[in-house]
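Note that these values count all heavy atoms, side chains included, but never hydrogens, waters or copies made by symmetry.
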Amino acid sequence: MRRRASTAAPAAPDLDRHLVELLCRLADSRHPDLQIAIALLCQRVRDGDVCVQLDAEAGAADSGPAGEAGAHAAPAWRDRDGLLDTLRASALVSDGSKPTPLVLDRGNRLYFYRYWQHEQRIFEQLELRARQPLAKVDPAWLRQALPRLFPPSLPAGTLDWQQVAAVVALLRPLCVISGGPGTGKTHTVTKILALLVEQALAAGQRPPRLTLLAPTGKAAQRLVESVRAAKAALACSDEVRAALPEQASTVHRALGALPGQRTRFRHGPDHPLPTDAVLVDEASMVDVGLMARLVGALPASARLILLGDRDQLSSVEAGAVLGDICNSGRALAYSRSLRQEIERCAGMTLPDAASGAVRSAVGDSIVTLRHSYRHAAGGDIGELAALINTGDADGLLTGLRSGRWSGVQWLQAAPDDPCPDPLLERAEEHYTRVRDAASARQALQELGRFRVLCALRRGPTGAERINALLERSLLETGRAAGAPQQPGWPLIVTGNDYGVQLFNGDVGVLWPDSAGALRAVFEGGAGGELRELAQSWLPGHEAVYAMTVHKSQGSEFDRVAVVLPAAPSPLLTVELLYTAVTRARSALLLVASEEILRFTLSRRVRRHSGLRAALWGEPAAIFP
């Protein structure tokens, strides 16, 4: 729920104010509506929107809580038509058919030209793949390959949506696979990659060049670990297994990020990536700008497989590309032609609900995995996550009060006690095991089993303060590394350094080398080896006893403690809490008041963009 307020112009940072002044000078106009519209667009992009939906802004009233920290006031124009006329008459604005600083589309969405271009490129590339004819697949080969790679694991008569995803990926050059934690997304795509290799070898062709990508170094590392584990258990030939990739990269690194440049890369439309198929894991974290550059760097013949959880938090930067593509689950039906081809090639029968009128070509490319192998239906964290995802505050609180979830503990901490004793005790117990590990590898393994996740970075319950409190407590008790010059001190990288190949979000630990010197040790080295680095070579970093929920995306831990603030915040949403609790594999400690839980479950992220409308049947409203 986004805050709406008075008719006054929003308070903008200095950079926004300078931009407003510059653009108005270029347009030779200081019309108040033009100034407010530009300032509001700056604000919305900072908030994660790609554009301003002016129809939604016009006349809207303030619906946010009073005194909401960090919220921005938004104007409510009484004269919507006058505003639109002012924008259309401005030299700053076009419909996108020519380069102007601002774009106003036919759906009355106002963009910066760069973001409008990003959406246009994504739309064109997804449509290019979604509208291609179905690929030819040998039914005899597929019917023996599917049960071999996907042995029965569900009750008789239950449709295996992992198999459906595999067939769609073979038939379509675009495949979008969404599923919650434990639904087997990575295992599914590993088998899909094996099928692509088998298919090529059976046809006497070379194995396809396969590229594994993720938005962060940690997510790329987890993807590699999952693929390695999955491929070791595949029922396939050694030749197929050898053709599956052993390495993954961040999207930035694969595109060839240039030193000192945030938006320019070596690979693009004129120098595409050397690949036949690209898999992007944790696609919900990829913002609109990075996704546009990635799809623009793909060869026209390359397959694109997007993998993620549409219900998780969106990217930190502007856009919610995976959510726009999945469109809140509207892809419930496949076209008749795709359904018939799936049934003919794979010998499976789709339910009637899986076929019908499809409004979007992209809808034929989307598969939602439904069965959680980790959080079985009715199980502890899985059931809690489902209640959060539906915004069922009453059901969540009833379950928490009853204590029926054996893996879940709820603490209603006092506002002046952000680190209650049970949280401190768990942290001390865990970080003692990290300090007392027999090796750096074991220390990193222990470090990855527990984490404190905070909704905010700053404030009384923010990650910075919780980190300081835990560090002080550990230092005073002497039970674990509580200072940056002690073995076992956990750290997280806070910047990108292409020279040493460490990136924002990479997690490591200080550990003595054979000579006793403390070095920073990270996973992700070649061939599964650890990486050791002198502390003087480290980019910006800090302690990681606690981290924000946003930073935890792409990670999983055996046990998680989630700390919510004592006061309402605009960052508290269903998506944030769902993302936080689903980082836990087996145990969860939730520190939050009933009031804050109800507040959080009443709010969802609503990011404005035109991509969803374009992909789902309204392209004329977006692009000229």
- [ ] Before giving the answer on side chain to side chain contact (heavy atoms under 4.5 Å, CB included), spell out for T188 and T183 the whole-Å C-alpha distance, their side-chain angles and the decisive distance to 0.1 Å.
- [x] CA-CA 9 Å; T188 300; T183 52; over 6 Å; no
Open item on the list: One pair to check against side chain to side chain contact (heavy atoms under 4.5 Å, CB included): D47 and R607. What are the steps and the verdict?
Closed with: CA-CA 9 Å; D47 290 344; R607 288 195 166 179; over 6 Å; no
- [ ] Quick one: do W116 and D95 satisfy side chain to side chain contact (heavy atoms under 4.5 Å, CB included)? Show the steps, please.
- [x] CA-CA 10 Å; W116 182 87; D95 64 354; over 6 Å; no
TODO: Start with the C-alpha gap between F522 and Q221, add the side-chain angles, then the distance that decides, and say whether side chain to side chain contact (heavy atoms under 4.5 Å, CB included) holds.
DONE: CA-CA 11 Å; F522 298 84; Q221 178 185 320; over 6 Å; no
Sequence neighbours excluded and cut-off under 3.5 Å, please list the side-chain donor-acceptor pairs for residues 271-279, or say none.
unit_1 : atom_1 : unit_2 : atom_2 : d
T275   : OG1    : R209   : O      : 3.2
T275   : OG1    : T211   : OG1    : 2.8
T275   : OG1    : A277   : N      : 3.3
T275   : OG1    : A277   : O      : 3.1
D276   : OD1    : R209   : NH2    : 3.2
D276   : OD2    : R206   : NH1    : 2.9
D276   : OD2    : R206   : NH2    : 3.3
D276   : OD2    : R209   : N      : 2.7
D276   : OD2    : R209   : NE     : 3.1

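Proximity of L213 to S249: side-chain heavy atoms (C-beta onward) are separated by under 4.5 Å at one or more points. The shortest distance between side-chain heavy atoms of V45 and L41 falls below 4.5 Å. Counting only heavy atoms from C-beta outward, the side chains of D364 and L174 never approach each other to under 4.5 Å. The shortest distance between side-chain heavy atoms of L306 and I325 falls below 4.5 Å. Contact check for L210 versus V197: side-chain heavy atoms found under the 4.5 Å cut-off. Side chains of S314 and E575 form no contact here, defined as non-hydrogen atoms less than 4.5 Å apart. Side-chain contact between V316 and D287 is absent, with no heavy-atom pair separated by less than 4.5 Å. Side-chain contact between L502 and R531: present, with at least one pair of heavy atoms (C-beta onward) separated by less than 4.5 Å.
In this structure, R88 contributes its side chain and V93 its backbone to no donor-acceptor pair below 3.5 Å. Of the possible donor and acceptor atoms, none in the side chain of R583 sits under 3.5 Å from a partner among the backbone N and O of Q553. Using modelled atom types, no side-chain atom of Y111 and backbone atom of G96 make a donor-acceptor pair closer than 3.5 Å. Using modelled atom types, one side-chain atom of Q35 and one backbone atom of R30 make a donor-acceptor pair closer than 3.5 Å. Although no hydrogens or angles enter the test, the distance criterion places no donor-acceptor pair under 3.5 Å between the side chain of Q53 and the main chain of H608. Side chain of K231 to backbone of A242: no donor-acceptor contact under 3.5 angstrom is found. No donor-acceptor pair under 3.5 Å is formed between the side chain of Q312 and the backbone N or O of T579.
The distance from atom CG of L23 to atom CD1 of I38, rounded to the nearest 0.5 Å, is 4.5 Å. In this structure, CD1 on I366 lies 11.5 Å from CZ on R172, to the nearest 0.5 angstrom. For the atom pair CD (E282) and OG1 (T216), the distance works out to 7.5 Å, reported to the nearest 0.5 Å. D281 contributes atom CG, which lies 5.0 Å from atom CG of L223 (distance to the nearest 0.5 angstrom). Taking CG from L338 and OG from S365, the interatomic distance works out to 8.0 Å, rounded to the nearest 0.5 Å. For the atom pair NE2 (H187) and OG (S226), the distance works out to 7.0 Å, reported to the nearest 0.5 Å.
Here the closest heavy-atom approach between residue A220 and residue A248 is recorded as O-CB, 3.6 Å. V362 approaches E127 most closely through the heavy-atom pair CG2-OE2, 3.8 Å. Here the closest non-hydrogen pair linking C42 and F112 is SG-CZ, 3.7 Å. Heavy atoms only, all atoms of each residue included: E198 and L149 are closest at OE2-CD1, 4.4 Å. When all heavy atoms of V367 and W161 are compared, the pair lying nearest together is CG1-O, 3.7 Å. In terms of heavy-atom proximity, V240 sits nearest to A194 at CG1-O, 3.8 Å.
If you run salt bridge (charged side-chain N to carboxylate O under 4.0 Å, His left out) between D324 and each of R606, R310, R612, only R612 comes through.
A side-chain donor-acceptor contact under 3.5 Å links R129 and Q125. Under the 3.5 Å distance criterion, with hydrogens and angles disregarded, no donor-acceptor pair is assigned to the side chains of T186 and R222.
Under the 4.0 Å criterion applied to side-chain N and carboxylate O atoms, E542 and R457 are assigned as salt-bridge partners.
With a 6.0 Å radius and a threshold of 12 heavy atoms from other residues, nucleotides or ligands, E21 has its CD atom above the threshold.
For residues 298-309, the set of pairs meeting the side chain to side chain donor-acceptor pair (under 3.5 Å) definition, not counting sequence neighbours, comprises D309-Y578.
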